[in-house]
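Just so it is clear: chains get the letters A, B, ... in the order the sequence lines come, proteins before strands, and each one is counted from 1.
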Protein chains: 2
Amino acid sequence: MDHFDRKICEILQTDARRSSTDVAAQVGLSVSATNDRIRRLQKQGIITGWQARLAPAPFAAATCAFVLLDLRYEGEAEAIAALSAHDAVQELHHISGPHSYLMKLRLADTAALQRFLSEVVKPLPAVTRTESIIALDTAKETLAIAVPTEEQEDG
Amino acid sequence: MDHFDRKICEILQTDARRSSTDVAAQVGLSVSATNDRIRRLQKQGIITGWQARLAPAPFAAATCAFVLLDLRYEGEAEAIAALSAHDAVQELHHISGPHSYLMKLRLADTAALQRFLSEVVKPLPAVTRTESIIALDTAKETLAIAVPTEEQEDG
DNA sequence: GGTGAAATCTTATACAG
DNA sequence: CTGTATAAGATTTCACC
């Protein structure tokens, strides 16, 4: 993980379809060295995947909601596995504070949220309570992380 | 937006680097038709971007936190713009319920969170109160949305 | 580690059917 | 939309530093 790797990651995070020729020119390495590094970054698990971002609206996923979950210990693992398997569930975090988990959902509308809660979440025996928060508007939504330009003590 | 478009989106959401030849073979169209569709999907704003997913740990972004923000109306827009500009801020949603906004952060550690709150969030005049939630463990984290196989009344 | 160039493979464009 | 042809461009491989 040197300066070149970070620059490659930064470029590909923004535009995964940039050609190696292009990336090579921007980072100041040869095409073959750049390709080697991209392959190595994938193998090391630093680049974990390549995805096209899709607009939610055309796929009936315009409504974003967060659900705070209270869980009892018995059945917790099963509940988390079941929820993670749903493709309406975009995020599922075990959290600090009074609630157990925070779940982010993408659904067609509030009716679909109601259906998801009553048909998927409520039937899980571990779930004792839920608290839903609707996202009225989203100012920012990305998985991109900051790629520092200077060296760090990680990786 | 027909069956072919949805299948193309589904494939590219999972692997943005799949070659057109590959995608064409999987959806059952010619390479030229597939390329035309990919270009059209981008132009229509259905495919909004291409990104490499990066592992947070090697970039000192291993800590994920959610911050509930209470804002007063004056200066709200400026505060949201300022927070959105930060690359530690991955998500920023205007939400229903007692709090105004929900913000998702990725930072090196809790010390960095403390610094972000005191140096970036607290100085914003619109912010009246914050409540931080630390993600102890993340079971699922994706921006992928469900691509229904059947026709829908959207787009 | 890196380079550069040839060989191979992929993609883009255009057009006939 | 399919299929083909051609041109442009990308990737891989390899000899060499």
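Applying the salt bridge (charged side-chain N to carboxylate O under 4.0 Å, His left out) test to residues at least two apart or on different chains, the pairs with a partner in residues 84-100 of chain B are K104(A)-E91(B), E91(B)-K104(B). Listed by first and then second residue, the salt bridge (charged side-chain N to carboxylate O under 4.0 Å, His left out) pairs that reach into residues 57-79 of chain B are D70(B)-R129(B), sequence neighbours excluded.
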Name the atoms and distances for all side-chain donor-acceptor pairs under 3.5 Å in residues 114-123 of chain A, with sequence neighbours left out.
{"from": "S118(A)", "atom 1": "OG", "to": "Q114(A)", "atom 2": "O", "distance (Å)": "3.2"}
{"from": "S118(A)", "atom 1": "OG", "to": "R115(A)", "atom 2": "O", "distance (Å)": "3.4"}

Which donor-acceptor pairs under 3.5 Å do the side chains of residues 50-58 of chain B make with protein atoms, sequence neighbours left out?
{"from": "R53(B)", "atom 1": "NH1", "to": "E141(B)", "atom 2": "O", "distance (Å)": "3.0"}
{"from": "R53(B)", "atom 1": "NH2", "to": "E141(B)", "atom 2": "O", "distance (Å)": "3.4"}

Pairs under 3.5 angstrom only: tabulate donor-acceptor contacts from the side chains of residues 59-66 of chain B to other protein residues two or more places apart or in another chain.
{"from": "T63(B)", "atom 1": "OG1", "to": "A108(B)", "atom 2": "O", "distance (Å)": "3.2"}

Ignoring hydrogens and angles, write down the donor-acceptor pairs under 3.5 Å from the side chains of residues 19-31 of chain B, residues two or more places apart or on other chains.
{"from": "S19(B)", "atom 1": "OG", "to": "D22(B)", "atom 2": "N", "distance (Å)": "3.2"}
{"from": "S20(B)", "atom 1": "OG", "to": "N35(B)", "atom 2": "OD1", "distance (Å)": "3.3"}
{"from": "S30(B)", "atom 1": "OG", "to": "S32(B)", "atom 2": "OG", "distance (Å)": "3.4"}
{"from": "S30(B)", "atom 1": "OG", "to": "A33(B)", "atom 2": "N", "distance (Å)": "3.2"}

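In the hydrophobic clustering, L143(B) connects to L143(A), either directly or through intervening members, whenever side-chain heavy atoms lie under 4.5 Å apart.
Summary of helix geometry: the two end axes of the helix from dG1(C)-dC17(D) to dG17(C)-dC1(D), each defined by five base pairs via their C1' atoms, are inclined to each other by 30° (rounded to 10°).
We find that CG of L29(B) is positioned 15 Å from P of dT11(C), with the value rounded to whole Å.
For R17(A), there are no side chain to side chain donor-acceptor pair (under 3.5 Å) partners two or more places apart in sequence or in a different chain. Residues passing the side chain to side chain donor-acceptor pair (under 3.5 Å) test with T130(A), sequence neighbours excluded: none.
Remark: S19(B), S20(B), T21(B) in residues 16-26 of chain B come within less than 4.0 Å of DNA chain C through at least one heavy atom. A heavy atom closer than 4.0 Å to some atom of DNA chain D occurs in N35(A), R39(A), these being the qualifying members of residues 33-40 of chain A.
The backbone N or O of D5(A) sits less than 3.5 Å from a side-chain atom of D2(A), completing a donor-acceptor pair.
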